[in-house]
Amino acid sequence: MLLHLQRRLLAVLPIALGVSMICFLLVYLAPGDPLQTLLPPDADAETVAKLKQLYGLDRPLPLQYLAWLWQVMGGDLGQSIATGRPVLSEIRRSLGNTVLLAAVAVLIAFPLAMLLGTIAGYRSGGWMDRGVTGTAILGVSLPNYWLGIVLVILFSVELGWLPASGMGPDGSGTFNPLHWEQLRHIILPVVTLSMIPVGIIARTARASISEVMAQDFVTTLRANGLPERRVLRHAVKNALPSVLAVMGLQFGALMGGSILVETVFAWPGTGFLLSKAILTRDIPVLQGTILVLAMIFVATNLAVDLFQSSLDPRIKRG
Amino acid sequence: MSVTTTPAPVLAPPLAAPRSRGYWGTVGYRLRHDPVTLFFGALLLMIILSALFAPWLSPFDPYKESIIRRLKVPGYMGHLLGTDELGRDMLSRLLHGGRITLMMGFVPVLVATLVGGGLGILAGLAGGRVNALIMRVMDVFYAFPSVLLAVAISGAMGGGVFNALLALSLVFIPPLCRVAETATTQVRNLDFVDAARATGAKLHLVLWHHVLGNVLGPILVYASGMISVGILLGSGLSFLGLGVKPPEPDWGLMLNTLRQAIYVNPLLAALPGIAIFLTSVSINMVSDGLRSAMDVRL
């Protein structure tokens, strides 16, 4: 197990470095010089050269990257152009809200999707299966930002039951699930965000359950006279590792993918931060947020991988 | 002695050999007998045609604004689907908007199929270091959630249709490369490829007839599923203010601008989303039908 852990960590390292490299290069994708955002348009050549030297922009790109990486490792992601605050503190204030949103969305999606997928996989080919598969396709075809708007129209504008945006009275403070006013604010974003994971997890569950049901040991169990309910329990047990893995991956994907839903609901998370940074062309915030979210995605993928191999002895730990 | 001639045994009429349709014949046969896929295929065709012929189908000029006719309900003064926040005809804008949205779906997938598929086949055929180099670079891009990568690239480069198309292409290249690489590696190690090489077939002939023929199917099925992702992501970028610039009509952008009007006329804000949804669901259904029609194990 320890060897496996070591090997996985070693494999992740170059990926993490590559991700940081892409994030570093994002600044150079932006039109114009990175300095342009800092300088007045009529700055003379001397000032430009001075600033270039000050920021190390006159050095070759690989050196700049290393210097940047060193800074980032030390926790310095630069400063927001729009607010002047350090990017890291901006991210810190919003990251928790996104984690909360993504975690609740996945936790709600999982049992529902598992139920749908098990029903469909158990009777694969039947009408229930077709119904569930169709629903799963609808789930991944829905633009979730549109679903969010429709839910706002229904429950906020027409019925007036739930708030249309924001996070409630305490804002981004501590979230308390017993606080009804805060709970009200999270309902619509969570429902909207869980749409895609429901579709994807249900599909996976269906595929793995129907695969398990076709295996020989199921026939043996039935031949031994095991009641159908207990046969199903075995099937679910066998299918669970891969479904849990997809669930973990979905959590990571939602962390980065909640930008549209957060924008619709003005949910003060990292997605909302990103969408504000795009509007104000605040490149340091854009770069820092994307770096952090991508690293979280890499870390969740690694965690899922390790978790899965510790759960399922069939996966080689070599 | 008379030679008794045994009557020649009456030969049973030769059994009609089961008519073989061939691979693509079977795929076509299955598709023709799949009503769900046919229905969504027809719907998709209709959407594509109405986007193509938008200038001739539109009852109004999609850019013509009218201050007194803002946010009107469907049916108002000949505006079949009402008017938007600047008094422009919704139906005409939806028809025209389909052009860019469909382009966001098809162009990046086409580019990614060519580039990613090509790289993947190359990696699969070359193996060794070339494979490692290509696939490790892809792994890095894979390490981003797709929405995040699209937002990162087009967010850094700034809005505009071209930048959005470029960002989406970059998002789709790694998955297509992976699919192509897996399929190619599988095919390359099959005996019949070795057999073809052993009989002296030229490398490019083996490539053309054996490898490409067997690899193209999985790549195309996978790519067809990506088109709807492209449409959702592309409209999402426009929704965020990346992608299409106003006053150009685009479904994602319309969704964004009409969002402010939900308290006045909520139905209008739902319309562009319905268009996106119908398009992406029909592409997914057609892709799914294609996948099962092309499945040789069935």
Side-chain angles (χ1 to χ4, degrees), chain A residues 11-12 14-19 21-23 25-31 130 133-134 137-138 140-147 149-150 152-154 156-158 164 252-260 263-264 271 274-275 277-279 281 283 286-287 289-291 293-295 297-298 301, chain B residues 36 136-137 139-160 163 166-167 225 228-229 231-233 235-237 239-242 251-252 255-256 258-259 262-264 266-267 269-270 272-285 287-288:
Chain A
V12 157
I15 291 182
L17 274 179
V19 166
M21 231 176 266
I22 292 179
C23 290
L25 288 174
L26 279 181
V27 175
Y28 292 86
L29 273 182
R130 257 179 249 167
T133 314
I137 289 188
L138 291 191
V140 291
S141 305
L142 265 179
N144 56 9
Y145 42 99
W146 174 67
L147 180 71
I149 294 173
V150 170
V152 165
I153 291 173
L154 272 178
S156 309
V157 179
E158 297 294 330
L254 283 192
M255 286 288 301
S258 63
I259 172 167
L260 289 159
T263 308
V264 168
L274 260 183
S275 106
I278 288 167
L279 286 181
R281 292 211 53 74
I283 298 292
L286 184 84
Q287 186 188 36
T289 315
I290 284 171
L291 178 69
L293 290 177
M295 286 302 171
F297 189 56
V298 171
N301 286 6
Chain B
V36 178
R136 290 302 83 74
V137 172
D139 281 349
V140 170
F141 281 92
Y142 230 88
F144 290 87
S146 52
V147 182
L148 197 65
L149 187 59
V151 167
I153 295 169
S154 61
M157 290 197 304
N163 287 353
L166 197 68
S228 87
V229 180
I231 284 173
L232 290 184
L233 277 181
S235 332
L237 287 180
F239 181 76
L240 288 173
L242 300 162
W251 294 343
L255 207 52
N256 188 13
L258 286 168
R259 190 158 64 103
I262 51 171
Y263 290 95
V264 186
L267 179 69
I274 294 174
I276 300 173
F277 175 59
L278 283 180
T279 312
S280 89
V281 92
S282 35
I283 291 173
N284 271 334
M285 286 301 208
S287 161
D288 237 46

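Quick note on labels: first sequence line is chain A, next is B, and so on, each numbered from 1.
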Under 4.5 Å from any heavy atom of chain B, what part of [X] do you find: side chain, backbone, both or neither?
| X | answer |
| --- | --- |
| L154(A) | neither |
| V12(A) | neither |
| I290(A) | both |
| L286(A) | side chain |
| L138(A) | both |
| L142(A) | both |
| L26(A) | both |

Out of G236(B), G241(B), S228(B), return the one with the most heavy atom pairs under 4.5 angstrom to chain A. G236(B)
Within this structure, what is the CD1-OG distance for the pair I276(B) and S141(A), rounded to the nearest 0.5 Å? 12.0 Å
Could you grab the distance from atom OG of S280(B) to atom CD1 of I137(A), nearest 0.5 Å is fine? 10.5 Å
Please look at F277(B) and chain A and tell me whether the side chain, the backbone, both or neither of the residue comes under 4.5 angstrom of a heavy atom of that chain. both
Is S282(B) in contact with chain A via its backbone, its side chain, both, or neither, using a 4.5 Å heavy-atom distance? neither
Checking R136(B) now: which residues fulfil salt bridge (Lys or Arg N to Asp or Glu O under 4.0 Å) with it, not counting sequence neighbours? D139(B)
Taking every heavy-atom pair that is under 4.5 Å apart, which of L274(A), V298(A), V150(A), V264(A) has the most such pairs with chain B? V264(A)
For residues 141-159 of chain B, which side-chain N or O atoms pair as donor and acceptor with protein atoms under 3.5 Å away, sequence neighbours left out?
unit_1: S154(B); atom_1: OG; unit_2: A150(B); atom_2: O; d: 2.9

Out of L240(B), N256(B), L255(B), which one pairs with Y145(A) under the side chain to side chain contact (heavy atoms under 4.5 Å, CB included) rule? L255(B)
